[in-house]
Number of protein chains: 2
Amino acid sequence: MSEALRFRVETLERFVTDLLMGLELSETDAALVAQALVRANLEGVETHGLGRLPNYAARLRKGLVNPKPQMRLVHQDGATALLDADNGMGQVAAATAMREAIRLAETLGAGWVGVRHSNHFGAASFYCNMAVEAGMIGFAFSNSPPGMVPYGGRQAYLGTNPIGIGIPGGATNPIGIDMATSAVARGHIIVAARNGQSIPLGWALDQNGVPTENPDEALRGALLPMAGAKGYALALAVETLCSALTGAGLSPEIPSYFDNWEQPSNTGHMVGAINIASFLPREVFGERVDQLIAGLKQTPNAAGHEAVMIPGERRIREVEQRTAQGVPLTASIVQQLNTIAAELGVAPLASDAPY
Amino acid sequence: MSEALRFRVETLERFVTDLLMGLELSETDAALVAQALVRANLEGVETHGLGRLPNYAARLRKGLVNPKPQMRLVHQDGATALLDADNGMGQVAAATAMREAIRLAETLGAGWVGVRHSNHFGAASFYCNMAVEAGMIGFAFSNSPPGMVPYGGRQAYLGTNPIGIGIPGGATNPIGIDMATSAVARGHIIVAARNGQSIPLGWALDQNGVPTENPDEALRGALLPMAGAKGYALALAVETLCSALTGAGLSPEIPSYFDNWEQPSNTGHMVGAINIASFLPREVFGERVDQLIAGLKQTPNAAGHEAVMIPGERRIREVEQRTAQGVPLTASIVQQLNTIAAELGVAPLASDAPY
């Protein structure tokens with residue numbers, strides 16, 4: 001993104017908050033969604049950042065997402081709870097659920113909170129980080145509209161059902177896992193299509209079930225699961241936790257966020273927190289994670305690799321770099337967002353010189 | 001296995017129980033290990049069945065595994081617990097832990113039990129099935145001696161750290177997920193080596209970090225993670241849950257079950273149970289899983305596939321077939337087991353004609 005404009009985190013968060021308040025969200029909810037989206041851009045995860053906002057705005061304006069949801073725990077039993085998100089923003093729903101999971105894990109060692117009647121929640125790592133900051137191991141899963149074939153099939157049926165796991169380190173940075181169960185996240189194909197690039201074979205099938213290198217064909221077709229039968233199995237586990245166990249829609253029942261402008265979503269999530277202190281002292285755990293990471297870093301690298309990386313390491317590097325140099329956004333995204341801002345009477349996103 | 005001998009489940013369970021009692025296990029513990037091992041053969045998972053018994057017997061006889069452990073919960077906090085397995089058999093440890101997890105989930109909706117000072121636990125699905133039979137979603141993870149490179153590395157550091165997840169169905173069979181986080185389970189390479197077959201590229205590296213098709217070279221080298229960085233990340237999550245969180249050895253610290261005849265293992269496990277009834281009625285969940293499975297079965301199949309399979313479906317078919325036709329064992333395994341039996345004064349495994 002050499003031609004990108006660069007912005008301070010605070011500038012972006014303020015702008016997105018204002019924009020979402022212009023779309024009737026409360027200031028608290030708007031600020032939370034802003035933080036989640038800007039964090040993705042800060043981590044270099046362009047697929048889950050501000051590029052999603054025009055779609056969110058369109059769905060809010062069509063009345064397909066509820067800007068002022070009455071989220072409530074419809075069921076609570078021991079270390080588990082079930083949240084009805086009242087068709088609110090997925091970020092607000094998942095963060096509310098993770099706060100509850102952390103609260104449960106503080107007293108009971110573990111907390112698992114399911115969510116129904118929700119929407120796209122962005123990057124799973126955002127909620128896992130909440131648990132990590134509380135000294136816990138965090139888990140976040142979501143289902144999503146059908147976009148991936150089951151192993152052995154040629155028609156999209158499951159979502160790309162992501163898996164997020166956050167693990168606190170000791171002196172080292174946390175381990176941050178955030179992966180689609182498809183060979184790649186759909187967002188990468190969207191980015192390739194936007195940039196007019198081809199995609200590798202093995203990522204997706206076209207509408208006829210034939211492997212394709214064309215991202216537009218892939219978006220009309222279906223993604224392939226990671227590692228074949230194994231990724232399919234994991235996607236199915238995520239699916240069951242997020243839908244059958246919560247009352248949310250099954251992935252095949254969830255309308256496309258991009259193509260369906262009639263129906264609200266009923267996306268489901270499951271978040272979990274396991275309190276390290278319930279097993280052993282936090283320092284003992286941290287020292288062992290540090291040892292594990294030190295050993296990984298000493299592993300000789302394979303041809304074509306500079307070093308063994310820790311999951312989340314690249315994102316942490318991007319955060320450091322982008323905090324110093326500004327968060328890049330393409331002129332196209334800035335323009336799209338400013339068009340919406342103008343329609344809502346919100347002050348435009350102004351360039352953060354000297355970045 | 002056309003030249004295999006075939007046996008009744010009861011015959012095998014009785015024989016293995018007697019053999020393990022001859023190795024000083026209590027009848028209860030011996031019967032449990034027998035059930036777990038025979039179940040793997042019944043499911044067609046030869047890699048985790050009676051073929052493991054000569055190694056287990058050798059380690060018990062060398063005093064490297066404790067036949068009469070005093071397993072105890074060293075810590076219990078809310079929905080979590082930590083079991084010290086006192087260097088007993090992994091099957092006994094993991095089943096004890098899962099019983100505790102189920103007990104916790106009955107009252108608190110969820111239960112997570114870590115295990116340290118344990119040994120090889122066999123197939124993860126065995127413990128997940130315990131949760132499924134109790135109307136719960138079951139999870140079972142283990143670390144293991146180093147056998148897999150981290151993504152980007154060329155030296156074995158992590159174990160093949162398996163993931164087991166069991167999900168009850170409604171009218172349908174349960175979904176049974178049991179996968180190594182390596183491209184393939186080490187057991188498949190052991191079987192290929194035993195049968196003198198080559199292995200596909202992408203499964204393993206040789207001792208010099210070069211991809212190999214030779215199973216013997218692969219066993220001296222290292223396995224590759226499934227789906228590259230993604231499988232590595234999942235293996236690392238399993239590792240952390242099983243070792244840093246339990247006090248067990250890190251995978252790189254665990255001595256080989258096959259090559260190290262000096263040190264006891266300190267393998268770690270983590271098992272979990274989530275009680276479906278804590279979220280919504282069991283029947284509602286079952287109906288939704290049935291719908292999900294019905295939809296998967298209606299998905300048109302890709303070229304080269306007869307149908308979309310449900311995880312665990314093949315194993316359930318094998319159980320039906322082998323229950324009817326007998327469980328096949330190679331003459332070589334029968335001979336090895338009967339040699340051990342003779343040394344212990346245990347009655348030999350006799351052919352189950354008319355199978």
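Since we're looking at a predicted model, the values are computed, not measured. Sequence lines set the chain letters: A, B, ... in the order given, protein chains first and strands last, and positions in each chain run from 1.
- Formation of a donor-acceptor pair under 3.5 Å by the A:Arg288 side chain with backbone atoms of B:Thr246 is not found in this model.
- Interface summary for chain B: among A:Gly231, A:Gly114, A:Ala227, the most heavy-atom pairs under 4.5 angstrom belong to A:Ala227.
- With a 4.5 angstrom heavy-atom cutoff, A:Ala277 touches chain B only via backbone atoms.
- Contact of A:Ala81 with chain B is made through the backbone alone, with heavy-atom distances under 4.5 Å.
- For the set B:Ala302, B:Gly272, B:Gly295, B:Ala303, the entry with the most heavy-atom pairs within less than 4.5 Å of chain A is B:Ala302.
- There is no contact between B:Gln76 and chain A, counting heavy-atom distances below 4.5 Å.
- Neither the backbone nor the side chain of A:Leu104 has a heavy atom closer than 4.5 Å to any heavy atom of chain B.
- Using modelled atom types, one side-chain atom of B:Tyr232 and one backbone atom of A:Met309 make a donor-acceptor pair closer than 3.5 Å.
- B:Ile167 touches chain A through its side chain: at least one heavy atom from C-beta onward sits under 4.5 Å away, while N, CA, C and O do not.
- With a threshold of 4.5 angstrom between heavy atoms, B:Ala156 does not approach chain A through any atom at all.
- When heavy atoms are compared at a cutoff of 4.5 Å, A:Ala222 does not approach chain B at all.
- The contact between A:Leu250 and chain B is made by backbone and side chain atoms together, counting heavy-atom distances below 4.5 Å.
- Within the 4.5 angstrom heavy-atom criterion, atoms from both the backbone and the side chain of B:Ile310 approach chain A.
- Of the atoms belonging to A:Glu287, not a single heavy atom falls under 4.5 Å from chain B.
- In this structure, A:Arg154 and B:Asn301 approach most closely via the heavy-atom pair NE-O, 3.0 Å.
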Intermediate values then yes/no, side chain to side chain contact (heavy atoms under 4.5 Å, CB included), B:Leu236 and A:Ile165: CA-CA 10 Å; B:Leu236 200 51; A:Ile165 309 175; over 6 Å; no

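- Ranking B:Gly176, B:Ala229, B:Ala307, B:Ala180 against chain A, the residue ahead of the rest is B:Ala180, based on heavy-atom pairs under 4.5 Å.
- The two residues A:Trp112 and B:Trp112 come nearest to each other via the heavy atoms NE1-NE1, 3.1 Å.
- Between chain A and the residues B:Val284, B:Leu82, B:Thr240, B:Leu158, the largest count of heavy-atom pairs under 4.5 Å involves B:Thr240.
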If you apply the rule side chain to side chain contact (heavy atoms under 4.5 Å, CB included), what do you find for B:Glu239 with A:Ile175, and how did you get there? CA-CA 12 Å; B:Glu239 180 62 46; A:Ile175 299 171; over 6 Å; no

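- With a 4.5 angstrom heavy-atom cutoff, A:Leu245 touches chain B via backbone and side-chain atoms both.
- Contact tally against chain A (heavy-atom pairs below 4.5 Å) for B:Ala105, B:Gly209, B:Pro150, B:Ala110: the top residue is B:Pro150.
- In this structure, the portions of B:Gln291 lying under 4.5 Å from any heavy atom of chain A include both its backbone and its side chain.
- For B:Ile274, the part lying under 4.5 angstrom from a heavy atom of chain A is the side chain only.
- Contact annotation for A:Phe285: both backbone and side-chain heavy atoms come within less than 4.5 Å of a heavy atom of chain B.
- When atom types are taken as modelled, the side chain of A:His75 and the backbone of B:Ser278 share a donor-acceptor pair closer than 3.5 angstrom.
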Trace of the side chain to side chain contact (heavy atoms under 4.5 Å, CB included) decision for A:Tyr151 with B:Leu296: CA-CA 10 Å; A:Tyr151 179 70; B:Leu296 286 166; over 6 Å; no

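- A 4.5 Å side-chain heavy-atom check between A:Ile163 and B:Lys230 finds every atom pair outside the cut-off.
- For chain B, no part of A:Ser251 is nearby; none of its heavy atoms comes within less than 4.5 Å.
- At a threshold of 4.5 Å between non-hydrogen side-chain atoms, the residues A:Asp77 and B:Asn275 do not count as touching.
- Taking all atoms of both residues into account, the shortest heavy-atom contact from B:Ala233 to A:Pro311 is CB-CG, 3.8 Å.
- Summarising the geometry of A:Ala237 relative to B:Ile177, their closest heavy-atom pair is CB-CD1, 3.8 Å, with the distance given to 0.1 Å.
- What you find for A:Val289 and B:Ala244 is that their closest heavy atoms are CG2-CB, 3.9 Å.
- Here the closest non-hydrogen pair linking B:Gln155 and A:Thr299 is O-CG2, 3.7 Å.
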